[in-house]
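The structure appears right after this line, and notes come after that.
What you see is a predicted model, and the numbers here were worked out from it, not measured in a lab. In what follows, chains are A, B, ... by sequence order, proteins preceding strands, each numbered from 1.
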Amino acid sequence: MAASRRRPKAQTESAPAQAVSSEELLHYYREMLLIRRFEEKAGQLYGMGLIGGFCHLYIGQEAVVVGIQSALNEGDSVITSYRDHGHMLACGMDAKGVMAELTGRRGGYSHGKGGSMHMFSREKNFYGGHGIVGGQVPLGTGLAFAHKYLKDGGISAVYCGDGAINQGQVYESFNMAALWKLPVLFVIENNKYAMGTSQERASAGELHQRGASYGIPGYQVNGMDVLEVKAAADQWVNYIREGNGPVILEMKTYRYRGHSMSDPAKYRTKEEVEKMRSESDPIDQLKAKLLAGGHADEDKLKEIDREVKAIVIESAEFAQQSPEPDASELWTDVLL
Amino acid sequence: MPIEVLMPALSPTMTEGKLAKWLKKEGDSVKSGEVLAEIETDKATMEVEAVDEGRIGKILIAEGTDNVAVNTPIAVLLEEGEDASALTAAPAPAPAPAPVAAPVAAPVAVEAPVSAPTVPAAPVAEADAEEEKFFAKTTKRTVREALRDAMAEEMRRDDKVFVMGEEVAQYQGAYKVTQGLLQEFGDARVIDTPITEIGFAGLGVGASFKGLRPVVEFMTFNFAMQAIDHIINSAAKTLYMSGGQMGSPIVFRGPNGAAARVGAQHSQCYASWYAHCPGLKVIAPWSAADAKGLLKAAIRDPNPVVFLENEILYGQSFEVPDDEEFVLPIGKAKIERKGKDVTITAFSIMVGHALAAAEILAQEGIDAEVINLRTIRPLDTATIVNSVKKTNRLVSVEEGWPFAGIGSEMAALMMEEAFDYLDAPVIRVAGVDVPMPYAANLEKLALPQVDDIVKAAKRACYR
Ligand SMILES: Cc1ncc(C[n+]2csc(CCOP(=O)(O)OP(=O)(O)O)c2C)c(N)n1
Ligand SMILES: [Mg+2]
């Protein structure tokens, strides 16, 4: 479990889908399935009152984080918003520690003090988990600043939503990142909605062009296809790592669930959700490719299903058995 | 082994709901993620999705059933290869109920800060005679409805009033406070903004310079930190900087303080932050009548007003005067309960806690006077000082952090204006001096509880 789920890196300039090995494809399948099953379980635990407050699920968007992560190296930094469970699993953080944080228990990554929206792992270079929309963007730009300053060869992957992209601090960050050629990949997870507001109702212009006047290259990518995400990430991560400055990738994706557990999502039709699910599901699409391309048979995929299910069940059990934090924890970690 | 599907909780405060509709019937196979049923809660209709795969073996709760408690088994799923005979074998207990901590503990703890059940139904109040008149004819309203009514009435009265913020129009408010406003006033006056707090706060202030009367909703005040520069540098200071030529008749409103288990970045009280600043008025209502009377006053006021609501109070009901001219004076506190032994000051949700504490104290022979501050700035010092002249003791209650908090101001005020009347040091009851933790047990420890107020009052009375 502790073993890294990162795949060894391919540094190809133009990464055509067919260049991906069966092993890698299966790895993406497993990663996406783990996130999907983990989130379903989290939703269930929320329903049982074991998780409180806000809980934002990543279901539907799995290909984005798995594809991007496949292009990153050990030592690169990752930062995102409150919709963070998938990012943590993709970074190789332990499902048990993530789930136990959701239940607010001692075994959680923040010992129960952070919750669903606020988890971190120095070991895995995951810098949170931020609740203020857009707040992670300058922070992630700062991580890139540090990579450059320290000359450690790392880059920073900064995720934000289609709603967050309108915050002023995003543009202050774009300017500095471009001005100082910081090694940062800005990933816009455009899942079409910011809470109940669709992209068209909140944003003028095209999101991937938002960096144009700063000279930041920006591209739109089909974020429902892990191979397309991976191909774009491979290409642009290299460009960034070579010292060319920031890049913006707008991932066209979709969240199946409400914004958080208590959002009935009345602002879109059932048909819209059903269409995405049945026609563009990232996991189903990859599954079909795996079978059609002879990379795996049904039995192999079933085996992965079982393995993933076992991890998720174990994490849920751990998250319930781990005790609440000791009362003395209330006072710790305020200052050093 | 058959798997039980349980009635889910769909918000931190839901305890039961109606099973409105089954979308699957017995014998149907389900994939994880598929919608099984629809559930109605007090706020919305929600879908129940399957977490496990299988076939519906049996539906245990028929559609149309009301008041189904959270965690009740509603159906049984058969796994691959199982047939109905598996149902007769006693279904295994649902996979989850926690062996260590009882699963229901979480929602109960979550609701702990809500003092609704302990709040006396009709607190003995010494209402201002002026205010009292309005209470001849009242209707029970939630705080949420009272706020909405205040905005709607003021919008009808003055076409310069408009409402702006995230999700205020089409979504009807993230917390449903602006419900119906878009339908009545249209999208020129009820405006959905992008998530750009500093931008729309500044835009609102600019519009107010030209005489419009914006009501700017922050989804919560935590996000107003993005906009605090315009609230203070632009809204609060322009009247002064312009030598009185132009001011900013604007209201910044939204929920303030802790909700339930939403963690450090979403749970803090800004009362003392804004109260620090000259050029602002700061209001923190408790009851629905407070909310309505004071929001109307805030909208009519020619100054910038920071209006601090509380999410947990939104659903609580109180009597509200029917008369549309019921407008409460800004800067006036209300004595909610008369007493002679100790004065307790509180605002917002803590008024309920203070009243509950007063009931407990009464049983122990301590007669507490509870003052609902209503306005934090300008503070009604006369009412507080007069009360302390009688009781000679003061306990200040607030949810925010203690350092340089409202309680610190109370202590200073007593030194300056009531020193000779004090028989005991002023005691501050405040939130614990740490960021808000997420864990249920720690969150409870971090927030002032009724018992903390009881203990503080006793200490002030040397008991
Ligand atoms: C500064 C700020 N304003 C408002 C909110 C409330 N809020 C939380 S998430 C959200 C929507 C964000 O949408 P998007 O950026 O598209 O991300 P998604 O939730 O779709 O992943 C809003 C308005 C917040 N957390 N922070
Ligand atoms: Mg979005």
Side-chain angles (χ1 to χ4, degrees), chain A residues 36-37 40-41 43-54 59 101 103-105 110-118 130-134 163-164 166-169 194-197 201-203 256-258 261-262 264 266-267 277 313 316 320-325 327 329-331 334, chain B residues 6-12 32-33 43-49 51 70-71 94-101 103-107 110 166-167 170-171 174 192-199 222-223 225-226 259-266 432-435 437-442 445-446:
Chain A
R36 175 75 51 96
R37 296 285 174 262
E40 286 167 352
K41 184 54 98 180
Q44 191 186 37
L45 296 188
Y46 192 96
M48 296 167 70
L50 286 160
I51 296 173
F54 296 133
I59 297 178
E101 190 60 37
T103 53
R105 303 300 174 85
S110 304
H111 316 302
K113 291 159 80 167
S116 160
M117 300 189 284
H118 309 304
H130 297 271
I132 300 303
V133 167
N166 292 318
Q167 286 282 31
Q169 55 184 322
M195 218 169 245
T197 306
R201 295 208 299 118
S203 297
Y256 296 173
R257 297 290 194 99
M261 292 302 295
S262 40
K266 290 284 154 67
Y267 41 82
R277 271 188 159 159
I313 287 175
Q320 293 169 67
Q321 272 151 19
S322 177
E324 287 189 311
E329 281 273 336
L330 183 62
W331 292 98
V334 179
Chain B
L6 305 180
M7 179 75 170
L10 297 168
S11 80
S32 86
K43 288 195 208 91
T45 305
M46 307 278 295
E47 292 173 341
V48 184
E49 291 186 2
V51 183
V70 163
N71 281 334
V100 176
V104 283
V110 158
E166 294 157 19
E167 310 289 0
Q170 292 194 17
Y171 198 82
D192 278 328
T193 64
I195 311 169
T196 55
E197 288 82 4
I198 182 92
N222 302 289
F223 316 140
M225 267 205 287
Q226 300 282 317
R261 308 275 317 270
V262 291
Q265 292 185 333
H266 282 69
V432 173
D433 198 20
V434 301
Y438 166 74
N441 64 329
L442 298 186
L445 289 172

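Interface remark: B:L442 contributes backbone and side-chain atoms alike to the contact with chain A (heavy atom separation under 4.5 Å). When heavy atoms are compared at a cutoff of 4.5 Å, A:T103 approaches chain B solely by way of its backbone atoms N, CA, C and O. Heavy-atom distances place no part of A:R36 under 4.5 Å from chain B, backbone and side chain included. With a threshold of 4.5 angstrom between heavy atoms, A:A316 does not approach chain B through any atom at all. For A:M117, the part lying under 4.5 angstrom from a heavy atom of chain B is the side chain only.
Listed options A:M261, A:R257, A:K266, A:R37 were ranked by heavy-atom pairs under 4.5 angstrom with chain B; first place goes to A:R257. When the candidates B:M7, B:E49, B:E197 are compared by the number of heavy-atom contacts under 4.5 Å with chain A, B:E49 comes out ahead. When each of A:L330, A:V334, A:N166 is checked for heavy-atom pairs under 4.5 Å with chain B, A:L330 comes out on top.
Looking only at distances, a side-chain donor or acceptor of B:Y438 sits under 3.5 Å from a matching main-chain atom of A:G52. A donor-acceptor pair under 3.5 Å is absent between the side-chain atoms of B:Q170 and the main chain of A:G196, judged by distance alone. Judged purely by atom type and a 3.5 angstrom limit, B:Q265 has no side-chain atom pairing as donor or acceptor with the backbone of A:H130. Counting only distance, with no hydrogens or angles, the side chain of A:R105 and the backbone of A:P323 share no donor-acceptor pair below 3.5 Å. Judged by distance alone, the side chain of A:E101 and the main-chain N or O of A:H111 form a donor-acceptor pair under 3.5 Å.
Aromatic ring orientation, A:H118 versus B:H266: tilted (interplanar angle from 30° to 60°).
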